[in-house]
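Have a look at the structure below before the remarks.
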Amino acid sequence: LAGSQAPHPAALVLGAEACFAAADMEGALEWTERAIAASGGDPVLKVRKARLLAQMRRRAEVPALADEIAARAQGNG
């Protein structure tokens with residue numbers, strides 16, 4: 001059933017970009033987090049989230065996310 005499938009991460013990223021363009025940072029963050037979940041934790045999307053958090057001045061959240069990205073990269077290395 002097509003209606004029961006999870007949205008494709010690229011579609012969710014598009015939603016995030018639309019929110020960002022409309023200066024809706026919270027919305028962009030929500031769509032980005034949904035894209036990360038739908039992708040199984042894509043590190044590229046996590047970098048996008050880290051940049052968004054920095055732009056939102058939520059910089060205290062960025063180091064933990066960077067550690068998460070680095071740990072995954074080391075596991076794939």
Side-chain angles (χ1 to χ4, degrees):
L1 297 168
S4 64
Q5 293 179 351
H8 192 279
L12 297 168
V13 168
L14 184 60
E17 290 174 354
C19 288
F20 184 83
D24 177 5
M25 299 302 197
E26 289 295 333
L29 181 60
E30 180 182 326
W31 282 91
T32 300
E33 289 173 340
R34 290 178 60 199
I36 292 168
S39 72
D42 184 335
V44 172
L45 295 178
K46 289 184 179 187
V47 169
R48 179 185 290 262
K49 178 181 175 180
R51 288 183 180 146
L52 183 58
L53 288 168
Q55 289 176 328
M56 296 171 71
R57 300 192 184 277
R58 290 173 55 177
R59 294 180 181 101
E61 298 172 55
V62 173
L65 189 56
D67 288 344
E68 200 176 301
I69 295 164
R72 180 163 177 175
Q74 288 175 354
N76 288 339

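Computed from heavy atoms alone, side chains included, the values below leave out hydrogens, waters and symmetry copies.
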Which heavy atom in P63 sits nearest to a heavy atom in R59, and how many Å separate them?
CD-O, 3.2 Å
Which heavy-atom pair separates L45 from A35 by the least distance, and what is that distance?
CD1-O, 3.6 Å
Which residue pairs pass the salt bridge (charged side-chain N to carboxylate O under 4.0 Å, His left out) test with at least one member in residues 10-23, sequence neighbours excluded?
E17-R48
Hydrophobic side-chain clustering at under 4.5 Å (ILVMFWY, transitive links): who's grouped with F20? Put none if nobody.
M25, L29, V47, L52, L53, M56, V62, L65, I69
Residues sharing W31's hydrophobic cluster, by side-chain heavy-atom contacts under 4.5 Å among ILVMFWY, directly or via others?
L12
Can you tell me if CZ on R51 sees more than 12 non-hydrogen neighbours from other groups inside 6.0 Å?
no
Partners meeting salt bridge (Lys or Arg N to Asp or Glu O under 4.0 Å) with E30 (sequence neighbours left out)
none
With sequence neighbours excluded, what pairs up with R58 under the salt bridge (Lys or Arg N to Asp or Glu O under 4.0 Å) test?
E26, E61
Where at least one partner belongs to residues 34-47, residue pairs that pass side chain to side chain donor-acceptor pair (under 3.5 Å), sequence neighbours excluded:
K46-E68
